[in-house]
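Start at 1 and go down the list; that is how both ligands and their atoms are numbered. Nothing here was measured: the structure is a model prediction, and the numbers come from that model.
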Amino acid sequence: MTIEIQIIETGTIRVRPSQLTQPPGNVLLRRLRFLTDWKLTDPIPIYAFLIKHPEGNFLFDLGETPRCLEKGYYPWWQIGHHVVSMNIGPNDGLGSQLRELGVNPETDIKAAIISHLHSDHAGGLSDVHGMTEIYVGSEHWAAFQNTTYATMEGANPSAWPEGFKPTMLEQNGPPIGPWEHSYKISSDGRILAVDTPGHVPGHLSLIIIDDDVTYFLTADAAYSQTLLDQQLIDGINTDPYVALESQRRIKEFCKSRDVVLLPSHEFDSVRRLREKEVYRPSETQ
Ligand SMILES: [Zn+2]
C-alpha cells in the first residue's frame with residue numbers, strides 16, 4: 001500500500017545569507033557574523049508535511065502560523081523574528097490548509113512529529129494541540145525546557161498552547177543505514193524518525209519507506225539538496241561539527257538506497273516529490 005505525502009506551504013521567509021550557510025567554526029563568531037549581515041536571500045518556503053499512511057494521517061512539522069505577523073506574538077527580545085522577513089497569508093496556516101485538503105485537524109490526525117521547536121516548525125501547534133499526540137525528541141525537549149534559552153535559540157515558547165507537553169519519542173525502531181537506533185512512528189516501521197542533531201540538540205529527520213522509493217525529510221539538517229551535497233551546514237546552528245556529521249550520515253544513507261530528498265525550505269522539494277527524483281550524492285568529501 002502506497003504512502004502519500006503532501007507538502008503544505010505555510011508561507012515563505014527571507015533570511016540572511018549567513019544563516020543559510022557559513023563554514024564551521026566558533027559558534028559565537030558565526031552568530032555575530034549573522035547578526036551583522038544585512039542582506040536577505042530570495043524567499044524560501046516553510047513546509048509542513050502531511051503523510052497519508054494506511055494507519056492514518058501523520059504530520060511532520062507544523063509550519064509557521066499567520067499569527068506570527070501580529071504585534072506581540074514574539075517577545076521583543078526574541079532575536080530570530082527581527083532578522084528575517086516573513087510572508088504568510090491569513091489562510092496559510094496549517095489548520096486552514098488541512099481543512100482545505102479535506103483533513104479535519106481535530107479528528108483526522110493520528111500523530112504529529114516535530115523535528116525541532118523553532119517557530120517555523122512549531123507554529124501550527126495550536127491547530128493540533130489537544131487533538132492528537134505530538135511527539136518531540138527527548139534530548140530536544142530537555143534542551144528547550146529552559147524557555148529563555150529556547151527563545152534565544154529561535155523558538156517561541158510564549159506562543160505554545162497552555163499546558164503544552166509533547167510526548168517523548170522512544171528509540172524503539174530498528175537500526176537503519178548509518179543510524180543504530182530509530183524511532184518507530186507507524187507500527188509497520190515504514191515511517192521512522194532518526195537523530196540528525198547539530199542544527200539544535202535532538203533535531204529529528206523523518207524516513208518514509210514507500211513501495212518503490214524511500215523519502216528522507218531533512219527538516220533543518222539540510223536547507224537544500226545542493227547544500228547537503230556540498231556538506232554546507234547552516235550558519236547559526238548550535239553545533240557545526242555535529243551538524244556536519246549528521247549531513248555525512250544522510251549522504252551515506254542516500255548512497256545505500258534510492259532516496260528522494262525533501263528539505264523543508266526548498267521549493268524544489270515539490271517537484272522532486274512529484275517526479276520521485278532520486279538524489280545521487282556526489283563522491284566529494
Ligand atoms: Zn530550525
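- The aromatic ring centres of Trp141 and Tyr135 sit 6.0 Å or more apart.
- Shortest distance from the Zn ion (ligand 1) to His118 is reached at ND1 (N/O/S atoms only).
- Considering just the N/O/S atoms of Asp220, the one nearest the Zn ion (ligand 1) carries the name OD2.
- Look at Arg31 and Glu153 and you find a salt bridge, because one of the NZ, NE, NH1 or NH2 atoms lies within 4.0 Å of a carboxylate O, short of that distance.
- Among the candidates Thr238, Asp239, Asp220, the single residue satisfying the side-chain hydrogen bond (donor to acceptor under 3.5 Å, both in side chains) test with His199 is Asp220.
- The NE2 atom of His116 and the NE2 atom of His199 subtend an angle of 100° at the Zn ion (ligand 1), given to the nearest 10 degrees.
- Note on Arg249 versus Glu252: no salt bridge recorded, every NZ/NE/NH1/NH2 to OD/OE distance being 4.0 Å or above.
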